[in-house]
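Note sheet for the following structure.
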Amino acid sequence: MKKVLVVDDEQSIVTLLQYNLQQAGYEVITAMDGEEGINAAISEQPDFIILDLMLPKMDGIEVCKHLRQQKVSTPILMLTAKDEEFDKVLGLELGADDYMTKPFSPREVVARVKAILRRIQAQPSAEGQEKEKTDYIKVKSLKIYPEHYEAYFDDEQLELTPKEFELLLYLAQHKGRVLTRDQLLSAVWNYDFAGDTRIVDVHISHLREKIEEDSKKPTFIKTIRGLGYKMEEPKGE
């Protein structure tokens, strides 16, 4: 049974999410403030974290930042009562995988949790990981193993969030093709963000920091002005 950690200081929301997640077959643990959330995330090792932005003691942004600094790669869905792009983008910049604005439908929360976990479940078992990795996509010094949810640059494994990996994989699978932001939103996030393409830009920026020698002068992921992005095979050595 997959375990979901819900971190929110509003008891009504915690109860609502706990009920709907349990009905969907998840084990649910809860925390009511940021510090408690961090401790639960580290000690309980949940498979998914639903994290409110406004929390006592330590807000959701700081919790997310702290967990990512501690190399906790658990998918994080950020909840915010504010409908401001700054909050959403900042959360994504610090490592959240997704966000929802309150009020929300508990069914949609469960659907998003399922969608992200379904992709992570594509990772092979420990027994499967011992087998030789032969199925991969190569772009110059970048190797991506779809079945293992792993990517390597210059033979060093990249630390990627689930969404960063999925975006990198999709770009590599369509190497040489210009992809619009809306196409990437639909393919990687699987639902309509109502034109909030900053989400794509933030994740592209993260990927560039991890695979480009100079993120300001990218050679792998090119910006096609007025259109979107394209992955290319870098020229030269």
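Counting begins at 1 with the first residue of the sequence.
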So how far is it from Arg177 CZ to Tyr170 OH, rounded to the nearest 0.5 Å? 5.5 Å
Tell me if the CG atom of Asp155 is crowded by more than 12 foreign heavy atoms within 6.0 Å. no
According to the interplanar angle, ranging from 0 to 90°, do the rings of Phe220 and Phe153 count as parallel (below 30°), tilted (30 to 60°) or perpendicular (above 60°)? perpendicular
Whether over 12 other heavy atoms sit under 6.0 Å from Lys65 NZ: no
Rounded to the nearest 0.5 Å, what separation is found between the OG1 atom of Thr74 and the CZ atom of Arg68? 7.0 Å
Measure the OG1-CG distance between Thr30 and Asp9 for me, rounded to the nearest 0.5 Å. 12.0 Å
When rounded to the nearest 0.5 Å, the distance separating CE of Met32 from CD of Glu10 is 9.0 Å
Partner set under side-chain hydrogen bond (donor to acceptor under 3.5 Å, both in side chains) for Thr15, not counting sequence neighbours: Gln11
Donor-acceptor contacts, no H, no angles, side chain residues 38-49, under 3.5 Å, sequence neighbours left out:
unit_1	atom_1	unit_2	atom_2	d
Asn39	ND2	Glu35	O	3.3
Ser43	OG	Asn39	O	2.8
Glu44	OE1	Lys3	NZ	3.3
Asp47	OD2	Lys3	N	2.7

Could you tell me whether the side chains of Glu212 and Thr219 share a donor-acceptor contact shorter than 3.5 Å? yes
side-chain contact (heavy atoms from CB on, under 4.5 Å) for Leu171 and Ile204? Distances and angles first, verdict last. CA-CA 10 Å; Leu171 287 165; Ile204 291 289; 3.9 Å; yes
Which residues, ordered by chain and number, are linked to Val178 in its hydrophobic cluster, where ILVMFWY side chains connect at heavy-atom gaps below 4.5 Å, directly or through other members? Ile224, Leu227
Counting only heavy atoms not in Glu156, do more than 12 fall under 6.0 Å of its CD? no
side-chain contact (heavy atoms from CB on, under 4.5 Å) between Leu169 and Val188, intermediate numbers included: CA-CA 10 Å; Leu169 175 61; Val188 177; over 6 Å; no
Have Tyr26 and Gln18 got a donor and an acceptor in their side chains that come within less than 3.5 Å? no
From Met100 atom CE to Leu53 atom CG, the distance as rounded to the nearest 0.5 Å: 14.5 Å
Any heavy-atom pair between the side chains of Lys102 and Asp8 that's under 4.5 Å? yes
Pairwise distance CG(Leu79) to CZ(Phe104) - rounded to 0.5 angstrom: 5.0 Å
Verify same cluster id: Val110, Leu117 (apolar side-chain graph, 4.5 Å): yes
When every non-hydrogen atom of Ala96 is compared with those of Cys64, the smallest separation belongs to N-SG, 3.5 Å
